[in-house]
Amino acid sequence: MAWGKVDDAQFEEFANKVSSLIKTDELKKQLERSTKRVGKRAMESVKSKTPEGQYPMGSGRTGGHLRRTWHVRGPFISDGIISMKIYNNTDYATYVENGHRTRTPHTAESIKRSRGVHWIPGEHMLMKTMFEIDDQLPKLLTPALKDFMRELM
């Protein structure tokens with residue numbers, strides 16, 4: 001017993017269109033471009049938030065090593081998840097990011113502030129950047145990717 005007739009021609013046309021676009025890897029290329037754009041913006045932001053070392057005049061030391069050693073890898077696409085890795089391989093980067101304990105305060109102001117507890121608060125430059133990028137993500141998608149998605153619909 002039949003309940004009616006279903007015309008699935010439009011669905012078949014849509015499915016064929018999606019299938020052909022996926023086979024050409026155009027979607028993957030657009031996603032990679034968009035993700036690289038997000039990574040570039042994240043790198044700019046995290047570098048600007050990273051503090052430079054402050055050294056006495058004449059010591060011969062300059063700051064900025066931590067800022068210069070940020071790296072981005074990716075995009076990685078697997079199982080429907082697109083990800084990137086933003087990292088700093090400097091040995092003291094985690095201490096600047098999250099904060100750390102010291103044995104003695106460094107300045108008179110630190111001594112007053114510490115009250116016996118010698119803790120240097122973290123800068124949280126990467127965490128702040130991730131929250132910032134998360135809020136901007138819809139704006140950072142490239143117009144080409146938006147057009148590509150509109151074309152599918």
Side-chain angles (χ1 to χ4, degrees), residues 14-153:
F14 175 74
N16 290 335
K17 192 176 193 180
V18 170
S19 177
S20 67
L21 288 172
I22 289 173
K23 286 178 184 173
T24 63
D25 281 342
E26 187 62 31
L27 178 61
K28 187 175 179 180
K29 289 176 188 173
Q30 291 297 335
L31 288 172
E32 286 176 353
R33 281 189 209 132
S34 292
T35 307
K36 285 179 182 178
R37 182 175 176 186
V38 170
K40 182 180 177 189
R41 179 67 62 96
M43 286 294 290
E44 291 169 359
S45 180
V46 77
K47 282 184 176 187
S48 69
K49 288 174 177 47
T50 302
E52 289 187 346
Q54 308 269 325
Y55 299 106
M57 288 294 266
S59 69
R61 299 174 72 185
T62 59
H65 178 70
L66 185 64
R67 186 176 283 188
R68 287 188 302 270
T69 53
W70 283 104
H71 303 284
V72 64
R73 291 272 164 95
F76 307 108
I77 303 173
S78 67
D79 297 332
I81 297 173
I82 304 167
S83 61
M84 298 184 70
K85 182 177 181 178
I86 299 173
Y87 64 98
N88 193 316
N89 57 4
T90 306
D91 59 350
Y92 59 92
T94 56
Y95 301 116
V96 177
E97 173 72 18
N98 301 316
H100 59 95
R101 182 178 174 271
T102 61
R103 291 180 187 217
T104 57
H106 295 291
T107 62
E109 183 183 322
S110 296
I111 292 170
K112 281 190 253 177
R113 214 177 40 200
S114 69
R115 295 186 188 115
V117 177
H118 308 297
W119 178 259
I120 306 295
E123 295 292 328
H124 305 292
M125 56 267 182
L126 185 59
M127 184 179 68
K128 289 175 185 175
T129 297
M130 291 298 104
F131 284 124
E132 183 181 291
I133 293 295
D134 192 40
D135 292 340
Q136 296 175 2
L137 205 53
K139 296 176 199 165
L140 293 174
L141 292 175
T142 59
L145 182 61
K146 290 178 185 177
D147 293 341
F148 181 80
M149 297 306 279
R150 261 191 236 111
E151 186 181 313
L152 285 177
M153 300 302 155

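All figures in this text were calculated on a predicted structure; none of them were measured in a lab.
- Partners of T69 by side-chain hydrogen bond (donor to acceptor under 3.5 Å, both in side chains), not counting sequence neighbours, listed by chain and number: N88, T90.
- Counting only distance, with no hydrogens or angles, the side chain of T35 and the backbone of L31 share a donor-acceptor pair below 3.5 Å.
- R67 has a carboxylate O that lies under 4.0 Å from a charged side-chain N of E52, or vice versa, which qualifies the two as a salt bridge.
- When all heavy atoms of E132 and K49 are compared, the pair lying nearest together is OE1-NZ, 2.9 Å.
- Annotation for P51 and E123: closest pair CG-CG, 3.6 Å, computed over non-hydrogen atoms.
- With a 4.5 Å cut-off on side-chain heavy atoms, M130 and M127 do not count as touching.
- Contact of the H124 side chain with the E97 side chain is registered, since non-hydrogen atoms from C-beta on lie closer than 4.5 Å.
- When all heavy atoms of W70 and M43 are compared, the closest pair comes out as O-CE, 3.3 Å.
- Not counting sequence neighbours, E32 has no partner by the salt bridge (charged side-chain N to carboxylate O under 4.0 Å, His left out) test.
- Sorted by first and then second residue, the pairs that involve residues 74-96 and meet ring pair (Phe, Tyr, Trp, His ring centres under 6.0 Å), not counting sequence neighbours, are H71-Y87.
- Of all the heavy atoms in A42 and T129, the pair that sits closest is O-CG2, 3.5 Å.
- Across every non-hydrogen atom of P75 and M84, the tightest pair is CA-CG, 4.2 Å.
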